[in-house]
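Whatever order the structure lists ligands and atoms in, that order sets their numbers, starting from 1. Here, residue 1 is the first one in the sequence, and each next residue gets the next number.
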Amino acid sequence: MKILVTGGAGFIGGNFVHHMVNKYPEYEIVNLDLLTYCGNLETLKPVEDKPNYKFVKGDIADKEFIMDLFEKEKFDVVVNFAAESHVDRSIENPDIFVHSNVLGTVTLLNACRKFGIKRYHQVSTDEVYGDLPLDRPDLFFTEETPIHTSSPYSSSKASADLYVMAYYRTFGVPVTISRCSNNYGPYHFPEKLIPLIISRALADQELPVYGKGENVRDWLYVTDHCKAIDLIIHKGRVGEVYNVGGHNEKTNLEVVKTILKALDKPESLIKFVTDRPGHDMRYAIDPTKLETELGWEPEYTFETGIKKTIEWYLENKEWWQNILSGEYQNYFSNMYGKRLENTEQ
Ligand code: NAD
Ligand code: TYD
């Protein structure tokens, strides 16, 4: 079996490549990544010399390149992680999200249609469902929840999902989609909440919390997501959507305080800053379909997962300190400079 993993130099794709290369020595895993600001070949160091692994650099939205690659490699399965993934960046510059997330997905689907594959799997997000109110803890996203997006990021991901389902219905491309809640764990780029807080707290820097910090996210340890995708590509029903989440809802403030406590750092580092425009209040996944149909269950709770994550960041400082020393500094001052001057308190 030959599997194309796109976006495998990113956070979740990288963890998925590790999982697949180690679990299935008889498969061939081809990792295609454009190596954008968050694509990092250091993440692949533990697997780069394995005989069942290969890296290819390229853009999933480059039609000619993708057609040539599919013709040459004859993939059995495609798992598409490649995307622009940060909501704040999508607010600053939506266009690149249309390119990579929408056009990139359609380009891959065209190649799958032309050359034939056993399965195309789209890695999507719970953010396509919009958000839930804080005062209705009884509500959860199911696969039937209507798509109702808020940010340019979630709109591009929802758009991609609609194309995936259209290629299934119209052209018979054998597709599946997973919609997962917020991931955290090793190799997470430090622009996202958890690695940003860990790396800044370790340097005793101010910790920007948007608004009042009361927004709720449903956190899943990344390897539990990887195992869910592994199950879906092997046993999931074609044409189906599967929600992935482990019932680990936390407010942002709870997450930040948990990290501070584990690192023995003071809560006085927290700075409440200008809120994100259109900020979704609460995400919460109902994973019943994945659990009952495919027997998935998460290995980690938030408490065990965050402990493991903090340990990883402490033991792998070089991985994230290399990132912080580069272009990231411009990103941080552009994104947070004004915010940290205009604190909410
Ligand atoms: P990431 O930003 O860490 O990694 C994305 C990777 O895609 C990078 O390596 C980047 O170089 C690559 N890439 C971007 N544009 C590309 C292009 N045009 N062609 C080829 N490669 C390209 O993202 P992540 O957090 O690992 O997310 C991976 C996928 O999972 C995304 O599709 C995202 O929407 C989805 N997802 C993420 C989360 C989360 O919490 N991070 C939750 C649910 C779903
Ligand atoms: P993020 O990690 O960007 O994921 P998403 O927006 O896809 O859920 O943000 C998680 C939550 O943390 C979200 O409610 C926004 C908030 N947040 C902050 O309060 N401060 C920050 O510096 C960042 C990056 C996020």
Closest to atom 22 (C) of ligand 1 by heavy-atom distance, out of Ala82, Gly8, Gly7, is Ala82
Salt bridge or not between Lys250 and Glu303? Use side-chain N to carboxylate O under 4.0 Å.
yes
Pair Glu299 + Lys227: basic N to acidic O under 4.0 Å:
yes
Looking at ligand 1, does Phe189 have a heavy atom less than 4.0 Å from it?
no
Identity and distance of the protein heavy atom lying nearest atom 19 (N) of ligand 1
Ile60 N, 3.0 Å
At under 4.0 Å between heavy atoms, what of Asn80 touches ligand 1? The answer is neither
Can a salt bridge be assigned to the pair Arg89 and Glu191 using a cut-off of 4.0 Å between side-chain N and carboxylate O?
yes
Could you check which of Ala83, Gly10, Ala160, Cys38 puts a non-hydrogen atom nearest to atom 7 (O) of ligand 1?
Ala83
Under the criterion ring pair (Phe, Tyr, Trp, His ring centres under 6.0 Å), I'd like the reasoning laid out for His18 against Tyr53: C-alpha separation, chi angles, the key distance, then a yes or no.
CA-CA 10 Å; His18 288 199; Tyr53 171 75; 8.8 Å; no
With only distance considered, is Asn183 within less than 3.5 Å of ligand 1 through an N or O on each side?
yes
Is there a nitrogen or oxygen of Glu84 sitting under 3.5 Å from a nitrogen or oxygen of ligand 1?
no
Polar-atom distance check: Lys157 versus ligand 1, any N or O pair below 3.5 Å?
yes
Purely on distance, is any nitrogen or oxygen of Ser85 under 3.5 Å from one on ligand 1?
yes
Report yes or no: does Ser124 have a heavy atom closer than 4.0 Å to ligand 1?
yes
How far is atom 42 (C) of ligand 1 from its nearest protein heavy atom, and which residue and atom name does that atom have?
Ser181 O, 3.4 Å
Quick check: do Thr251 and Arg217 have side-chain heavy atoms less than 4.5 Å from each other?
no
May I ask you to list the residues sharing a hydrophobic cluster with Val216, side-chain cutoff 4.5 Å, ordered by chain and number?
Leu134, Met281
Within the structure provided, determine whether Thr6 and Leu108 are in side-chain contact (heavy-atom separation under 4.5 Å).
yes
Looking at atom 21 (N) of ligand 1, what's its closest protein heavy atom, distance included?
Leu34 N, 3.1 Å
Nearest protein heavy atom to atom 27 (O) of ligand 1, by residue and atom, and its distance?
Ile12 CD1, 3.9 Å
Non-hydrogen atoms of Val123 versus ligand 1: any pair closer than 4.0 Å?
yes
Any N/O pair Leu32/ligand 1 closer than 3.5 Å
no
Taking the side chain as everything from C-beta on, heavy atoms only, tell me whether Leu139 gets closer than 4.5 Å to Pro133.
yes
Polar-atom distance check: His99 versus ligand 1, any N or O pair below 3.5 Å?
no
Between ligand 2 and the protein, which N/O pairs are shorter than 3.5 Å?
{"residue": "ligand 2", "atom": "2 (O)", "partner": "Leu193", "partner atom": "N", "Å": "2.9"}
{"residue": "ligand 2", "atom": "3 (O)", "partner": "Arg276", "partner atom": "NH2", "Å": "3.1"}
{"residue": "ligand 2", "atom": "4 (O)", "partner": "Asn182", "partner atom": "ND2", "Å": "3.4"}
{"residue": "ligand 2", "atom": "6 (O)", "partner": "Arg276", "partner atom": "NH1", "Å": "2.5"}
{"residue": "ligand 2", "atom": "6 (O)", "partner": "Arg276", "partner atom": "NH2", "Å": "3.3"}
{"residue": "ligand 2", "atom": "7 (O)", "partner": "Glu127", "partner atom": "OE2", "Å": "2.6"}
{"residue": "ligand 2", "atom": "8 (O)", "partner": "Asn182", "partner atom": "ND2", "Å": "2.9"}
{"residue": "ligand 2", "atom": "8 (O)", "partner": "Arg217", "partner atom": "NE", "Å": "2.7"}
{"residue": "ligand 2", "atom": "12 (O)", "partner": "Asn252", "partner atom": "ND2", "Å": "3.3"}
{"residue": "ligand 2", "atom": "14 (O)", "partner": "Arg217", "partner atom": "NH2", "Å": "3.2"}
{"residue": "ligand 2", "atom": "14 (O)", "partner": "Asn252", "partner atom": "ND2", "Å": "2.8"}
{"residue": "ligand 2", "atom": "14 (O)", "partner": "His279", "partner atom": "NE2", "Å": "2.7"}
{"residue": "ligand 2", "atom": "19 (O)", "partner": "Tyr210", "partner atom": "N", "Å": "2.8"}
{"residue": "ligand 2", "atom": "20 (N)", "partner": "Pro208", "partner atom": "O", "Å": "2.9"}
{"residue": "ligand 2", "atom": "22 (O)", "partner": "Pro208", "partner atom": "O", "Å": "3.4"}
{"residue": "ligand 2", "atom": "22 (O)", "partner": "Tyr336", "partner atom": "OH", "Å": "2.7"}

Strictly under 4.0 Å, does any heavy atom of Ala61 approach an atom of ligand 1?
no
Min N/O separation Asp59 to ligand 1 under 3.5 Å
yes
Closest by any non-hydrogen atom to atom 34 (O) of ligand 1: pick that one out of Tyr283, Tyr153, Phe81.
Tyr153
Nearest non-hydrogen protein atom to atom 11 (O) of ligand 1, with distance, is Asp33 OD1, 2.6 Å
Note, Leu196 side chain near Phe332 side chain (heavy atom, < 4.5 Å):
yes
If the threshold is 4.0 Å, N to carboxylate O, is there a salt bridge linking Lys289 and Glu240?
yes
With heavy-atom distances below 4.0 Å as the criterion, list the atoms of ligand 1 near Gly58.
19 (N), 20 (C)
So, Lys45 and Glu48, do they make that salt bridge, N to O below 4.0 Å?
yes
Do any nitrogen or oxygen atoms of Phe11 come within less than 3.5 Å of a nitrogen or oxygen of ligand 1?
yes
Ligand 1 contact by Gly104, heavy-atom criterion under 4.0 angstrom
no
Sequence-distant partners of Asp76, salt bridge (charged side-chain N to carboxylate O under 4.0 Å, His left out), two or more places apart:
Lys118
For the residue pair Pro266 and Leu260, establish whether any side-chain heavy-atom pair is separated by less than 4.5 Å.
no
Under 4.0 angstrom from ligand 1, any heavy atom of Tyr187?
no
Assess, by modelled atom type and distance only, whether the side chains of Gln122 and Asn80 contain a donor and an acceptor separated by less than 3.5 Å.
yes
Given Gly245, Ser178, Ser100, which has its nearest heavy atom closest to atom 15 (N) of ligand 1?
Ser100
Taking only non-hydrogen atoms of Asn182 and a 4.0 Å limit, the atoms of ligand 1 in range are 40 (O)
Are Glu28 and Lys54 close enough for a salt bridge, meaning some N to O gap below 4.0 Å?
no
What residues join Val244 in its hydrophobic cluster, counting side-chain heavy atom gaps under 4.5 Å, either direct or through other members?
Leu220, Leu231, Ile232, Tyr242, Leu290, Leu294, Trp296
Arg276 NZ/CZ over Tyr210 ring centroid, <6.0 Å and within 45° of normal
no
Electrostatic pair Asp33-Lys57, nearest N-O below 4.0 angstrom:
no
Can a salt bridge be assigned to the pair Glu267 and Lys261 using a cut-off of 4.0 Å between side-chain N and carboxylate O?
no
Among all protein heavy atoms, pick the one closest to atom 43 (C) of ligand 1 and tell me residue, atom and distance.
Cys180 O, 3.4 Å
